[in-house]
Amino acid sequence: MRGDQAVAGHFQKPGQSTLFPATAVLADDGSLKVFQQNTEHLLYECAAEDYHFASIIPGLPVELELTDGGIFRPDDASFRWPQQAAHFRLAAWLESNRLSILSAVILAPLALWLLVTVAMPAMASAMVPFVPDQVRQQMGQQTFYALQKTILQPSTLSEEQQEELQALWQEALHSLELTYDGYQLHFYQSTFLGANAFALPDGTVVMTDALVELLKNKPDALLAILLHEIGHVEEQHSMRLVAQSLGAALVFGVFFGDAEALSELILGAGSGMLQNAFSRDMEREADQFAYTSLVAMGRSPEAFAEAMAVFAEQHGDSGQSEQLLKYLSTHPATAERIEEARKAAQLYQQTQPVK
């Protein structure tokens, strides 16, 4: 018996269940011969294309699987066929090496966390500008319709109050050179929302009666809140949030194979905005937009600080929790926002001529 490599094991003939003690011999050209163990009695032979190596699973022997159904199984579970591709052997080594396993246990969650919290938000921000306007319109309209059917009730504000606020709104749009068709301001009652305001991706902005009542003697503070909501639309926060959610779902779908849940999330992306929250960074961006816009309109960012102070007083806020604009939002602490607004107000005051 001659050959380049002889391996002891057991052979199962095609179509049979009996295992025979045998020796497999692989020649230089890849051809296979299987002999009865300790004899030169030939049990089987074939060319290289008539068999393949099974997957490497740590702790189990790597079988030779014949195309006609036969199997040769080495007795030594740790034996690896030199003819197997190097990347298969490397994968098996990584799977059985304790250090590599420990590294994977530590690095895999870290990689997943970085992908979801860093990479996906960056990718979402980069891709959102390419989303067609029709998508934003549809998502905004569907969400607004759902809210009208659930948590919003008709406003009880007088026509005079609404006209005054609409005039303030139109002044803001004109000063910022924003199209009137792209933005719409609505007033509603809402027991669920209380004194709040929110913006949808199509430019729909809703302000509750309770918010108007709370800031009725502070028109600039109301303006500051409206500008904050416009900032959410201009920075496309809702779309970025949905893109991040879908991106995270894709990542988890790939990792855990939950394709059904992934498809449901994609189909319900618009409705999902009802339960999502803007990040603190997004809130800070919207705050900054409000400061800049107030200055552009000749008003001090102190108006935004006044709005925050009223809400802090109204809700007994100590700076650790936040109630203002809670709908679709997770905000920085009130004290932090007041401080930032007053810093912006100081800079604005320094640019004003001395009277």
Side-chain angles (χ1 to χ4, degrees), residues 117-118 121-122 125 128 165 168-169 171-178 183 185 194-199 203 205 207-208 210-238 240-241 244 277-355:
T117 61
V118 179
S125 297
V128 162
L165 291 169
L168 194 64
W169 172 253
E171 180 188 355
L173 296 180
H174 178 74
S175 297
L176 301 177
E177 299 182 349
L178 298 173
Y183 284 90
L185 175 62
N196 282 288
F198 63 86
V205 175
M207 180 173 281
T208 66
L211 177 59
V212 176
E213 181 64 24
L214 189 63
L215 298 177
K216 62 181 179 181
N217 297 320
K218 298 180 181 294
D220 283 358
L222 280 170
L223 175 62
I225 298 304
L226 290 174
L227 291 172
H228 172 93
E229 296 305 328
I230 292 176
H232 280 310
V233 180
E234 288 297 298
E235 297 294 341
Q236 303 184 58
H237 288 158
S238 293
R240 283 163 56 184
L241 192 65
Q244 290 175 27
F278 292 136
S279 71
R280 287 173 178 261
D281 287 340
M282 289 180 180
E283 290 300 334
R284 293 187 180 99
E285 287 179 3
D287 287 355
Q288 186 61 49
F289 182 90
Y291 309 154
T292 303
S293 299
L294 284 167
V295 171
M297 296 179 66
R299 291 172 168 84
S300 172
E302 180 65 28
F304 191 86
E306 289 179 2
M308 295 295 104
V310 169
F311 275 88
E313 180 181 356
Q314 174 74 14
H315 296 285
D317 190 82
S318 63
Q320 300 301 315
S321 61
E322 180 63 48
Q323 295 293 328
L324 177 61
L325 310 178
K326 66 181 179 182
Y327 183 68
L328 297 177
S329 306
T330 298
H331 298 76
T334 306
E336 175 190 334
R337 303 177 78 186
I338 293 174
E339 181 182 357
E340 291 300 318
R342 286 178 173 162
K343 286 180 181 178
Q346 290 175 359
L347 292 175
Y348 169 76
Q349 191 63 38
Q350 292 172 5
T351 64
Q352 300 306 297
V354 178
K355 296 182 180 180

Note, [X] side chain near [Y] side chain (heavy atom, < 4.5 Å):
{"X": "F198", "Y": "H232", "value": "no"}
{"X": "L176", "Y": "F289", "value": "yes"}
{"X": "I338", "Y": "F311", "value": "no"}
{"X": "T334", "Y": "R337", "value": "no"}
{"X": "Y291", "Y": "L347", "value": "no"}
{"X": "E234", "Y": "Y183", "value": "yes"}
{"X": "M297", "Y": "L223", "value": "yes"}
{"X": "M308", "Y": "I225", "value": "yes"}

Worksheet entry | Evaluation steps, side-chain contact (heavy atoms from CB on, under 4.5 Å), between M282 and E235 | CA-CA 8 Å; M282 289 180 180; E235 297 294 341; over 6 Å; no
List the atom of [X], the atom of [Y], and the distance in Å for their closest heavy-atom pair.
{"X": "A199", "Y": "V233", "result": "CB-CG2, 3.7 Å"}
{"X": "G298", "Y": "Y348", "result": "O-OH, 3.2 Å"}
{"X": "A303", "Y": "A224", "result": "C-CB, 4.1 Å"}
{"X": "P219", "Y": "L168", "result": "O-CD2, 3.5 Å"}

Quick one: [atom1] on [X] to [atom2] on [Y], what's the gap to the nearest 0.5 Å?
{"X": "M207", "Y": "L215", "atom1": "CE", "atom2": "CG", "result": "7.5 Å"}
{"X": "Q349", "Y": "Q352", "atom1": "CD", "atom2": "CD", "result": "6.0 Å"}
{"X": "F304", "Y": "R299", "atom1": "CZ", "atom2": "CZ", "result": "16.0 Å"}
{"X": "L294", "Y": "E302", "atom1": "CG", "atom2": "CD", "result": "10.5 Å"}
{"X": "L222", "Y": "W169", "atom1": "CG", "atom2": "CH2", "result": "12.5 Å"}
{"X": "L227", "Y": "T292", "atom1": "CG", "atom2": "OG1", "result": "10.0 Å"}

Fill in: Donor-acceptor under 3.5 Å (E306 side chain, A221 main chain)
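No; judged by distance alone, with no hydrogens or angles, the pair does not exist.
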Discussion item. If the threshold is 4.0 Å, N to carboxylate O, is there a salt bridge linking R284 and D287?
Written reply: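 Salt bridge: no.
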Practice prompt. Using distance alone, with no hydrogens and no angle criterion, decide if H228 and E283 have a side-chain donor and acceptor under 3.5 Å apart.
Written response: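 On atom types as modelled, these side chains qualify, holding a pair under 3.5 Å.
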Practice prompt. Check salt bridge (Lys or Arg N to Asp or Glu O under 4.0 Å) between K343 and all other residues, then give those that pass, not counting sequence neighbours.
Written response: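 In terms of salt bridge (Lys or Arg N to Asp or Glu O under 4.0 Å), with neighbours along the sequence ignored, K343 is linked to E339, E340.
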Practice prompt. Decide yes or no on side-chain contact (heavy atoms from CB on, under 4.5 Å) for L165 and L226, but give the supporting numbers first.
Written response: CA-CA 10 Å; L165 291 169; L226 290 174; 5.7 Å; no
Worksheet item: Can you list the steps and then say if V310 with E313 is a side-chain contact (heavy atoms from CB on, under 4.5 Å)?
Response: CA-CA 5 Å; V310 169; E313 180 181 356; 5.7 Å; no
